[in-house]
2 protein chains.
Amino acid sequence: MDRRVTKKGDDDASGKERPTLKTLAFMTGLGVTTVSRALKDAPEIGAETRRRVQLVAKQIGYRPNRAGVRLRTGKTNVISLVLNTEHELMSFVSDIIYGVTEVIADTPYHLIVTPYSRSQDPLDPVRYLVETGSADGVIISRTQPNDPRARYMLEHGIPFATHGRTDMGLVHPYHDFDNYAFAGEAVRYLAGRGRNRLALVTPPVGLTYYRHTVNGFADALSEVGASEVPFNTVSIDQSIEQIRMRTAQLMRRKDRPDGFVSSAAAATLAVVAGIEDAGLKLGRDVDVVSKQSSELLHLFRRELLVVNENFRLAGSELARAVLGWIGGADPGTLQSLSTPSEVLPYRG
Amino acid sequence: MDRRVTKKGDDDASGKERPTLKTLAFMTGLGVTTVSRALKDAPEIGAETRRRVQLVAKQIGYRPNRAGVRLRTGKTNVISLVLNTEHELMSFVSDIIYGVTEVIADTPYHLIVTPYSRSQDPLDPVRYLVETGSADGVIISRTQPNDPRARYMLEHGIPFATHGRTDMGLVHPYHDFDNYAFAGEAVRYLAGRGRNRLALVTPPVGLTYYRHTVNGFADALSEVGASEVPFNTVSIDQSIEQIRMRTAQLMRRKDRPDGFVSSAAAATLAVVAGIEDAGLKLGRDVDVVSKQSSELLHLFRRELLVVNENFRLAGSELARAVLGWIGGADPGTLQSLSTPSEVLPYRG
DNA sequence: TTGGCAATCTGTAACGTTTCAGTATACTGA
DNA sequence: TCAGTATACTGAAACGTTACAGATTGCCAA
């Protein structure tokens, strides 16, 4: 009497297969519907039944089938992190990812990484996610003042959070580092050390925090009465070699700066190399204040002055924001700004 | 005559909703089954019908519903990258991810990142993936000679690839960097520069490539007749401060090494700091050969000697391997070993 | 007693896909 | 002519879940 093929109805509680609602229904003697509702604490299920179902479910290790839920409800339980595979600074990415996973660890959410490359329209991956309904929420970075992706997602009603702010008069969750404050602090610190001809290594032109940084730099310059040495040919997403060469060129001029403010650690390495290529000495001829996201720069040159940016925190905040929005919170309340640390000199 | 609620059967080709097989069936005048088969080039569908269906599908931008497929077939079209959120070296992670996404970009696969933390059994995330059927394939790192995760996945028949080899007599896809060769090359290079008292900054004890590295180091030492200065208290997953302090201690001893071989760039930064803490000079008193995964170390100190390890390549290879296995290839053919570059001194 | 109602529980359909078991048609060979 | 068969297509069922629309029971007021 071979019954390898189980027909509808003769579900049994035995052995190997992953338990489903039907399994639970069979075991508890209840209907599938009742079990489903009992598991989500629906009010019309008797208190005892509810407990009983939940107990059995826990015992046999029931886990809802994601495909079933997704097909029925459209809920994917997925958050997508959209990344540029060429530009994104290295350590940045892993920290953000870790931050995000930290937050979603005890939720049913999975994190998927959706890449796009330089050649593509940055809107492509977002459009893909929305059109295919592949995620309940999206996190984007490299945010621009007028960001088509944010606009698109708002129009299509998908919750998202941006790393960096926009400036479109539209409200949405974001997390940002206060780069205005950073640049200002940096300038003031350099001025305090007697530096008054400062150059700025900017973020990528076009991103929102480019403006913030430039403004913070400019405002503080006039505040302290220092002057800017233009260095517009350089931004942090250029290659190490480019930045190094341009810095060396700059430092060989008579009107060279005596201080730098740099928006990223990798660029700072190149800037320092360029300074030294020009035969100058860090700390004596020139001071450099740089953002960093790991305790790297002080190993590199102890004369460097650093401000820490915590990307892991950013990841957590972004994840919290998206989940909050998905959960129905007011997007306007899901915005956060991270204040820079003090400027830190090397301490033994 | 209000027909807001569409009952089964009166599907229409209009407007907003995402097209499904039913939409295509309606538009082509065929049955859903036929459409389904036509799209996957089943042989029992007439050539013209096939073309016609595929044309229409392309035109209206049909994309199979992942939840539908997954529910019906169990195929998730997901690859999971399992990461330790505490140990993994920073840049490592983003490079691997980029490598993986590069390969799966023109496949239907999504990449999900499954984290686990120090406190957890590394087997936990893998067990979760298998039990919930959340992925068609898995990539793991921090591979051990006797790796319970690999054994578990083999037992449960889920395709996977390991970053690093195992040594259990079980065959499975992997990608590895030839750390035996790396350590050997490094030793020979140092010997060539007259260094003969060498210390090794090892990978994390317990991982397979720890053994490879140690063996490569030891074999080359006896080959060139140099001796080892024990430095067992240090491995690359310790903190910067620890490594730095221990290195400084070591370098203050009279029997200090005159050469280092370091398995990771971050550790090398710390080692160099330690060397300099002890008042010694890189290139004069001691040489350091280090692996690196980005062009960082030569900016740091031009005296450093580097060997490049390409993690992006590793990611690609691992992705290719998993996809290959999923696609039915023989796991034994999906193994690759990456040969280290030469030892590279700074070149202007 | 009866009608009404609250409290619990249940069957059915549907989400989009693939597979199974056909059906209809035309062609083949005798 | 007919059976046999290859070709091209199709409906129904199933994957696991939730929502809708009841069904059953007991209790209370009238």
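In what follows, chains are A, B, ... by sequence order, proteins preceding strands, each numbered from 1. All values derive from a computational prediction rather than experimental measurement.
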Spacing between A:Arg66 atom CZ and D:dT18 atom P, to the nearest angstrom: 13 Å

Rounded interatomic separation in angstrom, taking CG from A:Leu24 and P from D:dT18: 12 Å

Under the side chain to side chain contact (heavy atoms under 4.5 Å, CB included) test, residues paired with A:Arg51 that sit two or more places apart: A:Ala47, A:Glu48

Whole-Å gap separating C1' (D:dA8) and CZ (B:Arg51): 15 Å

Test applied, side-chain contact (heavy atoms from CB on, under 4.5 Å); reference residue, A:Tyr62; option that passes from A:Val35, A:Val56, A:Thr23, A:Leu21: A:Leu21

B:Arg63 CZ - C:dC15 P separation (whole Å): 22 Å

Please table the atom pairs, donor to acceptor, closer than 3.5 Å between any side-chain atom in residues 313-323 of chain A and protein atoms at least two apart or in another chain.
from, atom 1, to, atom 2, distance (Å)
A:Ser316, OG, A:Gly99, O, 3.1
A:Ser316, OG, A:Arg312, O, 3.3
A:Glu317, OE1, A:Ser336, OG, 3.4

Per-nucleotide protein contact string for nucleotides 6-11 of chain C, where B marks a base within reach and S marks sugar-phosphate only (heavy atoms under 4.0 Å, - for neither): --BSBB

Qualifying residues under ring pair (Phe, Tyr, Trp, His ring centres under 6.0 Å), relative to B:His163, sequence neighbours excluded: B:Phe92, B:Phe311

Criterion side chain to side chain contact (heavy atoms under 4.5 Å, CB included) on B:Tyr116 and B:Asp121, from CA distance to verdict: CA-CA 8 Å; B:Tyr116 67 101; B:Asp121 184 345; over 6 Å; no

Spatial distance of atom CG (A:Asp147) from atom CG (A:Leu123) [nearest 0.5 Å]: 9.0 Å

Rounded distance in Å - CZ (B:Arg52) to C1' (D:dA8): 12 Å

For atom CG of A:Asp41 and atom P of D:dT18, their distance in whole Å: 13 Å

Value rounded to 0.5 Å, distance of CD1 in B:Ile96 from OG in A:Ser94: 11.5 Å

Between D:dT18 (P) and A:Lys40 (NZ): distance, integer Å: 3 Å

OP1 or OP2 of D:dG16 under 4.0 Å from side-chain N/O of A:Lys22: no

Contacts of A:Asp330 that satisfy side chain to side chain donor-acceptor pair (under 3.5 Å) - sequence neighbours left out: none

Value in whole Å for how far the C1' atom of D:dT7 lies from CD of B:Glu48: 15 Å

Any A:Ser36 side-chain nitrogen or oxygen under 4.0 Å from OP1 or OP2 of D:dT17: no

Contacting residues from residues 69-79 of chain A, given that a heavy atom lies under 4.0 angstrom of DNA chain D: A:Val69, A:Arg72, A:Thr73

Residue among A:His172, A:Gln144, A:Arg151 satisfying side chain to side chain donor-acceptor pair (under 3.5 Å) with A:Thr166: A:His172

